[in-house]
Amino acid sequence: MTAALALGLMGACGGGEHSDAKEAGSEAPATPPPATPPPATSPPAASSATPSPAAPSLAATPRPDLTGIGASDGKVLTQGELDRAVLADGDVSGFTSGPMDAPPPGGETADRSECLPLTAVLNGKPEPLGKAVAYRQLVGPENDRPAVSEFLTTHGVRDASTLFNRLRAAVTACADGFTASGGDGPSKYTGVKPLSPVKAGDDALAYQLTGDFEGDPVPLVFHLVRVGGTVATFYTANFENGATPQLPPALLAAQAAKLT
């Protein structure tokens, strides 16, 4: 689970939407200072949150005048084009966008080769590796909740399609879970399951990877959308009560619109 924390998701501890939690007294900042995350055997102290099924973030909408960068033709975007296309303040109602540090070198490695695509995404480096990447931290309207990490990577159509194919295969092959090494110690993931993707872009994929902190489930939710050869990966988590966090569909719709 160290990779999850290294990607800036300390700000998402409980930041995901779910229906059966209580109000939190406080929350970690959306983009914490770089620090060595705790090993899987030392979970962060639990807090609780209070989004409802009709939480404002789930009703968020993309800005109606978003224009695309032209990725739908399959071209490999430059770093400058990625930086212009990644979500910014005002692109989705109620959400702000801020910088996020690139993940540290190394990261976690799955003990089974078929699960390696999952740890690559956990590490913030989906494979095949992108030619350029932009990282952002997105925070919602409910006391800076939900907190969502985004990384936007450009590959070309063939590699982007390969990325999706490998992840789909890994979600199926690793359904019963796996362990990973690296970071501050071994991590245990108890299961992987597909989720209903948001209909956006040329292809979309969603899944939940459930981590284990001393027997407590920690759901990590990933939504990916592909436009041409560019892939947007959105990542949120619930470190509080094991409920699946809900990622606002407007984030994916707005990002697809800015890429088209």
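T119 places no side-chain N or O within donor-acceptor distance of the main-chain N or O of L122, the cut-off being under 3.5 Å. Distance alone, capped at 3.5 Å, is enough to place a donor-acceptor pair between the K131 side chain and the H155 backbone. Side-chain N or O atoms of R112 include one that pairs as donor or acceptor with a backbone N or O of A173 at under 3.5 Å. A donor-acceptor contact shorter than 3.5 Å is absent between the side chain of N238 and the backbone of P245.
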Candidate pair V133 and K125, rule side chain to side chain contact (heavy atoms under 4.5 Å, CB included), full reasoning: CA-CA 9 Å; V133 59; K125 302 171 184 177; over 6 Å; no
Worked verdict on L118 versus V192 for side chain to side chain contact (heavy atoms under 4.5 Å, CB included): CA-CA 9 Å; L118 299 171; V192 189; 3.9 Å; yes
Kindly indicate, with the supporting measurements, whether the criterion salt bridge (Lys or Arg N to Asp or Glu O under 4.0 Å) is fulfilled by E240 and R145. CA-CA 14 Å; E240 295 174 356; R145 298 168 181 244; 3.7 Å; yes
Side chain to side chain donor-acceptor pair (under 3.5 Å) for Q208 and T210? Distances and angles first, verdict last. CA-CA 6 Å; Q208 175 178 311; T210 302; 3.0 Å; yes
Any chance you could lay out the side chain to side chain contact (heavy atoms under 4.5 Å, CB included) test for D83 and Q79, step after step, and finish with the verdict? CA-CA 6 Å; D83 291 339; Q79 184 65 55; 3.0 Å; yes
Assess the residue pair D89 and F95 against the criterion (side chain to side chain contact (heavy atoms under 4.5 Å, CB included)); give the C-alpha distance rounded to whole Å, side-chain angles, the decisive distance to 0.1 Å, and a yes or no. CA-CA 7 Å; D89 287 351; F95 277 81; over 6 Å; no
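Once rounded to the nearest 0.5 Å, the distance linking CD of Q255 with NE2 of H223 reads 14.5 Å. Note that the OG1 atom of T236 and the CG atom of L247 stand 6.0 Å from one another [nearest 0.5 Å]. Within the model, atoms CG of L224 and CG of L163 stand 7.0 Å from one another, a figure rounded to the nearest 0.5 Å. To the nearest 0.5 Å, the span separating CG on D101 from CD on Q137 amounts to 10.0 Å. With values rounded to the nearest 0.5 angstrom, R63 atom CZ is found 11.5 Å from S93 atom OG. The distance from the CD atom of E81 to the OG1 atom of T230 is 8.5 Å, given to the nearest 0.5 Å.
Using a 4.5 Å heavy-atom cutoff, the side chains of D202 and F164 are not in contact. A 4.5 Å side-chain heavy-atom check between E127 and P117 finds every atom pair outside the cut-off. Residues E150 and Y235 are not in side-chain contact: their nearest non-hydrogen atoms beyond the backbone lie 4.5 Å or more apart. Taking the side chain as every heavy atom from C-beta outward, L251 and L87 approach each other to under 4.5 Å. Two residues are said to be in side-chain contact when any heavy atoms from C-beta on lie closer than 4.5 Å; P248 and P146 meet this criterion. Considering only heavy atoms from C-beta on, L138 comes within 4.5 Å of S97 through its side chain. In this structure the side chain of T162 reaches within 4.5 angstrom of the side chain of R166, judged on heavy atoms. Contact annotation: the side chain of F234 approaches that of L252 to within less than 4.5 Å [non-hydrogen atoms, C-beta and beyond].
No more than 12 heavy-atom neighbours from other residues, nucleotides or ligands sit within 6.0 angstrom of CG on D176.
Here the shortest heavy-atom pairing between A254 and P62 reads CB-CB, 3.8 Å. Minimum heavy-atom separation, T233 to P126: OG1-CG, 4.3 Å.
Taken together through direct or relayed side-chain contacts under 4.5 Å among Ile, Leu, Val, Met, Phe, Trp and Tyr, Y207 and V221 form parts of separate hydrophobic clusters. Y135 and F222 fall within a single hydrophobic cluster, where Ile, Leu, Val, Met, Phe, Trp and Tyr side chains are chained together by heavy-atom contacts under 4.5 Å.
In this structure, I69 belongs to a hydrophobic cluster whose other members, linked by side-chain heavy atoms under 4.5 Å apart, are L77, L82, V86, L152, V227, L259.
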